[in-house]
2 protein chains.
Amino acid sequence: MSLKKEITIYDLARELNYSPSTISRALNDHKSISKKTIKKIKETAQEMGYRPNTLAAGLRNNKSKTIGISISRINRPFMSSLISGIEEEARKSGYNVIISQSHDKYENEVNNTKALYDSRISGLIVSLSMETIKLDHFKQFMKQGIPVVFVDRAPHGLNSYKVVIDNYTAGYNATKHLIEQGCTRIAHFAGAQHRNIYEGRKKGYLDALKEHEIEIDDELIIHFKTLSFEEGEKATKKLLKLPSPPDGIFSANDTAAVSAVMTAKKQGVKIPEELAVIGFNDDPIASIVEPSLSTVSHPAEKMGRISAKRILNHSDKTHDEGISEVTVLHTDIIVRDSSNRKKS
Amino acid sequence: MSLKKEITIYDLARELNYSPSTISRALNDHKSISKKTIKKIKETAQEMGYRPNTLAAGLRNNKSKTIGISISRINRPFMSSLISGIEEEARKSGYNVIISQSHDKYENEVNNTKALYDSRISGLIVSLSMETIKLDHFKQFMKQGIPVVFVDRAPHGLNSYKVVIDNYTAGYNATKHLIEQGCTRIAHFAGAQHRNIYEGRKKGYLDALKEHEIEIDDELIIHFKTLSFEEGEKATKKLLKLPSPPDGIFSANDTAAVSAVMTAKKQGVKIPEELAVIGFNDDPIASIVEPSLSTVSHPAEKMGRISAKRILNHSDKTHDEGISEVTVLHTDIIVRDSSNRKKS
DNA sequence: TTATTTTATGCAACCGATTCCGTTATTTAT
DNA sequence: ATAAATAACGGAATCGGTTGCATAAAATAA
């Protein structure tokens, strides 16, 4: 029953015969407090078991040391790694991380970001929901000078921080890789085209074909809604029924790619000889499926770390309305068995 | 540049000629405010775009509407699903969720829980780190009447909420399943035995053998440190070199089990005919590996939901020092190809 | 030596909601 | 009709830091 009384800066002030302001400043290493005083105060704070009340500080500053995250779903390998990176970086600096899931619904994203806004977060890291087109729900942050970092799934316009990969080049290289393996009819599992990442991957795919003078066949480009396993299965079956089926598939994610590998194999198609497949993300399933899936590696944790740093370093001075710093990370093609015809 | 002024209950009070106390009470549906007044106040609050300042409320109550989580790692299928469940349930009630990762280090867990404590969380949900043995860092919460829910990896003693699965029965049934498939020499990939979950699974394994009068061979019980893919590979190779190798493996997680399947297959061992394998968790990789992995399903999201509810429903009245409500969820054996000899 | 900075610290007003303790009408009981 | 109970609301302190504006002392400049 003994609710240990929390000690405050006032207790420290009384103990040390200083004013609360001095205590506060000392604990924050304010320059106008002498080193000796700071040291003394910090020591007794330690001894007395002082714990700063972040709520009080937050109230005063109208800002909590907290980073908010809005993503589609936590339980996706890419997303959980991203969060992991953010969390580690944030915690180093004494920031908390609060998460919210949109489940790829625009409405949820709006509600969640509102809730985060109300929580006085110091910054927001967003990977847009699949549905999101309107971006008004982010303007409140910008108005208040609260940094917003779009990661991976970023919007086109809107001046703000962005941490993305070069989807175009990745798509180009993945397709080029298939071409180099001798593929001449390459299909593409495309994601929703209003999401930058899928748009970039498709463009890269198209340009790679063009540059190698391979005719583009619209029949081979399948637009997915969610790039799920089931969709992948359906698409693969459809492709294999074609009079002239593809000899290569570049999928915009690993789930659909793995699905293609398994479906094709079940139908007796030889992989990679008859059909070479490459995915995107390097999810754990990619190395488990047989034959193992070639893919494009996605530096998820690193993206998380960088996003967090963007927020932690965002000085409030830069109240310039239009901060636009875009970080583009590069990706690697990971060649595994599903596309390696030359057994290099 | 126009930093929109946030409106407070004082603004509402002025506007409506009420006192701030009345506004506050009305917004919280206090019984001593008339329905009409409440309605009127809430309406104009809506119109004027009022947003409650959770920091101020938190400061006053010494409690933020926030649930803290301490887990080993976010980017594990089980953990991210768990968090997903917690987040959904919490958000429904207007709570935020803040996460921290221990990376299975005791020291991190201690630091993280301290940080969460300082953030005045309303409750803590913990899945213990692999190293944790001492539990003193949780006592501060109990002293303050802040509910702590141990989920999955729970401690033995310590009165508090627990949400776990019946690891013993799961281990028993998994082993029994292998026996029913005709296995007579069944190996076990065991996890750290001071963690309840691994202890239970092993006990279930042992008892299943005893009850079916199968001799226990210590050579077949391998104690893992982290149940990683690499460890699984090593263990499998070792087992297969035995003069009399096992014809079945019950692994305490899927990662090691998948590793066993792949390793054994590479060595020409027929699965499930010569070696039947069953894992634990039902991770995504389980259904991708070939042959697909039999496993024990782990209701991760549900566990998260229940854990969150425990905290949300924890009335502060129950200040009884010793709340001990244990929720035991049941698991299902999922039979896939890696153990299905009878092709039922 | 006197004037001017610089250094170190204190005062007190916030930040926005909550709540104990009244006070004044309005009912209900006697 | 008067006492007692109830309903509806207001006053003001409180939560624990933060910070602009003094002020006093010490250091430096003139």
Side-chain angles (χ1 to χ4, degrees), chain A residues 3-42 44-45 48-66 94 117-122 144 316, chain B residues 3-42 44-45 48-66 94 117-122 144 316:
Chain A
L3 300 191
K4 244 189 329 193
K5 181 83 174 62
E6 284 285 335
I7 61 165
T8 72
I9 57 169
Y10 296 95
D11 299 321
L12 290 174
R14 212 175 308 119
E15 179 74 18
L16 289 166
N17 267 353
Y18 276 119
S19 79
S21 10
T22 302
I23 305 289
S24 171
R25 293 193 177 102
L27 293 172
N28 289 308
D29 290 306
H30 195 284
K31 58 194 167 191
S32 75
I33 305 290
S34 71
K35 313 286 175 203
K36 285 175 243 161
T37 316
I38 291 187
K39 199 184 166 201
K40 199 200 310 175
I41 291 182
K42 282 195 175 174
T44 52
M48 297 181 62
Y50 168 77
R51 300 283 190 75
N53 187 326
T54 57
L55 291 173
L59 171 59
R60 179 60 224 240
N61 306 326
N62 198 35
K63 191 160 290 182
S64 61
K65 288 180 76 171
T66 303
Y117 179 76
D118 289 347
S119 303
R120 271 71 179 175
I121 55 176
S122 315
Q144 295 278 343
D316 292 65
Chain B
L3 300 190
K4 241 188 334 193
K5 182 81 174 61
E6 284 285 336
I7 62 166
T8 71
I9 56 170
Y10 296 96
D11 299 320
L12 290 175
R14 213 175 308 116
E15 179 74 18
L16 289 166
N17 267 352
Y18 276 119
S19 79
S21 3
T22 302
I23 306 289
S24 171
R25 293 194 178 101
L27 293 173
N28 289 308
D29 290 307
H30 194 285
K31 57 192 166 189
S32 76
I33 306 292
S34 71
K35 312 287 174 202
K36 285 177 242 161
T37 316
I38 290 187
K39 199 183 166 201
K40 200 200 309 173
I41 291 182
K42 282 195 175 174
T44 52
M48 297 180 63
Y50 167 77
R51 300 284 190 75
N53 187 325
T54 57
L55 292 174
L59 171 58
R60 179 60 223 242
N61 307 325
N62 198 34
K63 190 159 290 180
S64 62
K65 288 180 74 171
T66 304
Y117 179 75
D118 289 348
S119 303
R120 270 72 179 174
I121 55 176
S122 315
Q144 294 279 342
D316 292 65

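In the text below, chain A, chain B and the rest are named by the order of the sequence lines, each starting its count at 1.
Listed pair B/S24 / C/dA17 fails the phosphate criterion, with no side-chain N or O lying under 4.0 Å from OP1 or OP2. Listed pair A/S21 / C/dT9 fails the phosphate criterion, with no side-chain N or O lying under 4.0 Å from OP1 or OP2. Not one side-chain nitrogen or oxygen of B/S32 sits closer than 4.0 Å to the OP1 or OP2 atom of D/dA7. Using a 4.0 Å cut-off, some side-chain N or O of B/Y18 falls inside it from OP1 or OP2 of D/dC9. When the side-chain nitrogen and oxygen atoms of A/N62 are compared with OP1 and OP2 of D/dT18, none of them lie within a distance under 4.0 Å. One finds no side-chain N or O of A/N61 lying less than 4.0 angstrom from the OP1 or OP2 phosphate oxygen of D/dG17.
A/L27 contributes atom CG, which lies 10.0 Å from atom CD1 of A/I33 (distance to the nearest 0.5 angstrom). We find the NZ-OG distance between B/K65 and A/S119 to be 10.5 Å, quoted to the nearest 0.5 Å. Separation of atoms OH (A/Y50) and CD1 (A/I9) is listed at 6.0 Å; rounding is to 0.5 Å. Put simply, NZ on A/K39 and OG1 on A/T37 are 12.0 Å apart, with the number rounded to the nearest 0.5 Å. Of the inter-residue distances, the one linking A/R14 atom CZ with A/I7 atom CD1 reads 10.5 Å to the nearest 0.5 angstrom.
Counting non-hydrogen atoms under 4.0 angstrom, B/N53 reaches the backbone sugars and phosphates but no base. A/T8 comes within contact range of the sugar-phosphate backbone alone, with a heavy-atom separation under 4.0 Å but no base atom that close. As judged by a 4.0 angstrom heavy-atom cut-off over every strand, A/N17 is placed among residues touching the sugar-phosphate backbone only. Using a 4.0 Å heavy-atom cutoff across all strands shown, A/T37 reaches sugar-phosphate atoms only and no base atom. When heavy atoms are screened at a 4.0 angstrom cut-off, B/S34 is found touching the sugar-phosphate backbone but no base atom. Residue contacts for A/R51: at a heavy-atom cut-off of 4.0 Å it reaches the sugar-phosphate backbone alone, with no base atom in range.
Residues B/I23 and B/E15 fail the side-chain proximity criterion, which asks for heavy atoms closer than 4.5 Å.
As a whole-Å value, the separation of A/K39 NZ from C/dA8 P is 16 Å. D/dG10 atom P lies 8 Å from atom CD1 of B/I41, rounded to whole Å. Remark: P of D/dC9 and CG of B/L16 are 12 Å apart, rounded to the nearest angstrom. Atom-to-atom, NZ of A/K63 to P of D/dT18 comes out at 15 Å; the value is rounded to the nearest Å. The CG-P distance, from A/D118 to C/dA17, rounds to 11 Å in whole Å. As rounded to whole Å, 13 Å separates atom C1' of D/dC15 from atom CG of B/L55. We find that CG of B/D29 is positioned 17 Å from P of D/dA7, with the value rounded to whole Å. Atom pair A/K31:NZ and D/dT18:C1' shows a separation of 15 Å (rounding to whole Å applied).
Checking D/dG17, C/dC20, C/dT9 against every side-chain atom of B/R25, the shortest atom distance belongs to C/dC20. Closest contact between the side chain of A/I33 and the listed nucleotides C/dT9, D/dT18, D/dG10 involves C/dT9.
In this model, no side-chain donor or acceptor of B/R60 finds a partner on the base of D/dG17 within 3.5 Å. The base of D/dG16 is not paired with the side chain of B/R120 by any donor and acceptor separated by under 3.5 Å.
A residue-by-residue look at B/Y10 and A/L27 shows that B/Y10 has its nearest nucleotide of DNA chain D further toward the 5' end. Mapping B/I23 and B/L59 onto DNA chain D by nearest heavy atom places B/I23 closer to the 5' end of the strand.
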